[in-house]
Peer 1: 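Sharing a structure, written as structure tokens. Questions coming.
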Amino acid sequence: MAPSAKQLMVDGDSCVEEKEGPQADLDAELAPLTGHGSSPSADIESWSGGIGTENVSPALRKASHAIALRAAAEGVSLLVASNDYPGPALPATDPDVTAVGGTTLGIGAQGQRLFETGWSDGLVERTGNGGPWQYRDIYLASGGGASHLYREPSYQKAVVPSSMATNHAGHPGRTVPDISADADLMTGILFGQFQPKSNRKTTPYTTFVGGGTSLSTPLVAGIVLDAEQGQPRNFGFLNPLLYSLAGSPAFHDILPLSSSDPQVDRAAFANPATLYHRRHKPVVSLFDDQDPRHTHQVTATGYDTMTGLGTPSGAAFIDGLRSAARPRRRAGN
């Protein structure tokens, strides 16, 4: 998204949270902010990770929030993945970070957008030969919803509908995501990797399609960097700027499927796609699942809990972000 950008890769040491805990994640998130002296090592930080649900310990939440505050204080735009399963998660719900959700995106042969909707993949299965399909569970989806830890920030008021901002306790909470981009594994990007094997003389190279909000987060970060290029100062904390552009051409509003979508396009992601099939085993398939009873989230006109404000709309997003970041003149000056 920003091919000439200078990039700093920070890899966490043993980020398997079930075994080592979240310390390595926090260390990696903090590393670009320590910088040299008082200067951070990067203007924009994209973190394809998280520390879990909002039910983490208060000490862990405070440590994560302290990092978010430090990024904002140092003028660093901190973008984090909203999670790959329905519901709010940390640090995405922290009001001082920009949470990036996911969409399902189809691109045509000429580079045009064929379709784009909220990312929510459900699983259906059937047993026997030609038995009926039965719903199983949500497989992967753009994380989102109203936080029960953080109150609704001022930049979201008058933008996020009260029905979406109301948490389980009945109070307005910080709602995620803020913005989104392609994340569906079925419409993601092609990855390539070398996999060394101790019992082989050669190192095989394999490719696979990957996605998740781990993909959408750096996609958005790259576009933000394009907008920041050549500007007199860093954008820093993005959310007040983003929400000031709500409803403008800066965003492509992501909507649910409708009868106007060509069947040939909808079939690319709405019809079951077989994940595996072995003899005498169930057939498990993936489909686009927008049922709020399963996700407790919605894709809707304007702000929604799957895609936030929408996806960046190319040059209009860049121009809008630059305009919103310019200092406003006071009356009489």
Side-chain angles (χ1 to χ4, degrees), residues 1-10 28-29 31-33 35 39-50 67-82 91-92 94-103 105 113 116 142 144 153 155-156 159 176-183 189 211-254 303 307-327:
M1 308 306 287
S4 298
K6 294 180 180 179
Q7 298 187 44
L8 171 66
M9 173 72 78
V10 179
E29 184 188 10
L33 303 178
S39 299
S41 299
D43 297 329
I44 299 171
E45 180 177 351
S46 167
W47 184 23
S48 294
I67 296 175
L69 290 177
R70 180 166 185 168
E74 295 184 5
V76 175
S77 301
L78 178 58
L79 296 92
V80 303
S82 72
D94 191 305
D96 291 298
V97 306
T98 299
V100 184
T103 68
L105 172 67
R113 179 190 285 110
E116 190 168 18
S142 173
Y155 56 77
Q156 287 196 315
V159 176
V176 292
D178 299 306
I179 192 172
S180 58
D182 184 25
I189 65 173
T213 51
S214 294
L215 165 64
S216 61
T217 305
L219 289 179
V220 172
I223 302 175
V224 172
L225 181 58
D226 291 331
E228 193 174 88
Q229 176 73 10
Q231 299 306 292
R233 61 182 63 84
N234 295 351
F235 292 149
F237 179 45
L238 290 172
N239 289 6
L241 301 179
L242 296 178
Y243 282 86
S244 72
L245 299 172
S248 76
F251 295 104
H252 175 68
D253 192 13
I254 307 302
Y303 180 93
T307 67
L309 296 165
T311 58
S313 187
F317 176 80
I318 292 175
D319 292 341
L321 201 56
R322 289 175 173 178
S323 177
R326 294 191 187 106

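Residues: numbered from 1 along the sequence shown. Side chains are part of it too, since the values below use all heavy atoms of this structure and drop only hydrogens, waters and symmetry mates.
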Peer 1: Between Ser244 (side chain only) and Leu241 (backbone N and O only), is there a donor and an acceptor less than 3.5 Å apart?
Peer 2: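 A pair under 3.5 Å: yes.
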Peer 1: List in chain and number order the residues that pass side-chain contact (heavy atoms from CB on, under 4.5 Å) with Ala42, two or more places apart in sequence or in another chain; answer none if no residue qualifies.
Peer 2: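 For Ala42 there are no side-chain contact (heavy atoms from CB on, under 4.5 Å) partners, ignoring immediate neighbours.
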Peer 1: Which heavy atom in Asp226 sits nearest to a heavy atom in Ala2, and how many Å separate them?
Peer 2: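 Minimum heavy-atom separation between Asp226 and Ala2: OD1-CB, 3.4 Å.
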Peer 1: So, do Pro249 and Ser313 sit near enough that their side-chain heavy atoms are less than 4.5 Å apart?
Peer 2: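 Counting from C-beta outward, Pro249 and Ser313 never come under 4.5 Å.
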Peer 1: Out of the candidates Tyr155, Phe237, Phe235, Phe251, only one should pair with Leu242 under the side-chain contact (heavy atoms from CB on, under 4.5 Å) rule; please name it.
Peer 2: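 Filter result, single survivor: Phe251.
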Peer 1: Without swapping roles, check the side chain of Ser180 against the backbone of Thr307 for a donor-acceptor pair under 3.5 Å.
Peer 2: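 Side chain of Ser180 to backbone of Thr307, a donor-acceptor pair under 3.5 Å: yes, one is there.
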Peer 1: Calculate, to the nearest 0.5 Å, the distance between atoms CG and CG belonging to Asp319 and Leu245 respectively.
Peer 2: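 If I round to the nearest 0.5 Å, the distance is 10.5 Å.
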Peer 1: How far does CG of Leu78 sit from CD of Glu45, to the nearest 0.5 angstrom?
Peer 2: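 Interatomic distance, Leu78 CG to Glu45 CD, rounded to 0.5 Å: 5.0 Å.
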Peer 1: Can you see which heavy atom on Thr217 is nearest to which on Ser46, and at what distance?
Peer 2: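 Smallest heavy-atom distance, with atoms named: CG2-OG, 3.4 Å.
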Peer 1: Quick one: closest heavy-atom pair of Ile223 and Phe317, and the distance?
Peer 2: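 Here Ile223 and Phe317 meet closest at CG2-CD2, 3.6 Å.
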Peer 1: Look at the side chain of Asn234 and the backbone N and O of Gly236, then say whether any donor-acceptor pair between them is shorter than 3.5 Å.
Peer 2: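 No: the side chain of Asn234 does not pair with the backbone of Gly236.
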Peer 1: Say whether, by atom type as modelled, one donor and one acceptor occur between the side chain of Asn239 and the main chain of Val97 under 3.5 angstrom.
Peer 2: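 Present.
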Peer 1: Taking all heavy atoms of Pro91 and all of Gly49, pick out the closest pair and write down the distance.
Peer 2: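 The answer is CD-O, 4.5 Å.
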Peer 1: Of all heavy-atom pairs between Glu74 and Pro40, which one has the smallest distance, and what is that distance?
Peer 2: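 Reported closest heavy-atom pair: OE1-CB, 3.4 Å.
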Peer 1: What's the separation between atom CG in Asp96 and atom CZ in Arg70, rounded to the nearest 0.5 Å?
Peer 2: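 Between atom CG of Asp96 and atom CZ of Arg70 there are 15.0 Å.
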Peer 1: Spell out, as yes or no, whether a donor-acceptor pair under 3.5 Å connects the side chain of Ser216 to the backbone of Gly101.
Peer 2: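 Yes; judged by distance alone, with no hydrogens or angles, the pair exists.
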Peer 1: Measuring from Leu321:CG to Glu228:CD, what's the distance to the nearest 0.5 Å?
Peer 2: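 Interatomic distance, Leu321 CG to Glu228 CD, rounded to 0.5 Å: 8.5 Å.
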Peer 1: Under 4.5 Å between any side-chain heavy atoms of Thr311 and Arg113, yes or no?
Peer 2: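 Touching, per the 4.5 Å side-chain cut-off.
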Peer 1: Only one of Asp178, Leu79, Ile44 forms a side-chain contact (heavy atoms from CB on, under 4.5 Å) with Leu238, so which one is it?
Peer 2: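 Passing option: Leu79.
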Peer 1: As an exercise, state the distance from CG of Leu225 to NZ of Lys6, rounded to the nearest 0.5 Å.
Peer 2: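 With rounding to 0.5 Å, CG (Leu225) is 11.5 Å from NZ (Lys6).
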Peer 1: Measuring from Asp43:CG to Gln231:CD, what's the distance to the nearest 0.5 Å?
Peer 2: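 Going from CG on Asp43 over to CD on Gln231, the span is 12.5 Å.
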Peer 1: Is there side-chain contact between Ser77 and Thr98, with at least one heavy-atom pair below 4.5 Å?
Peer 2: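 When only atoms from C-beta onward are counted, Thr98 and Ser77 do not touch, as no gap falls below 4.5 Å.
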Peer 1: Closest heavy-atom contact between Ala28 and Pro32?
Peer 2: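 Looks like O-CD, 3.3 Å.
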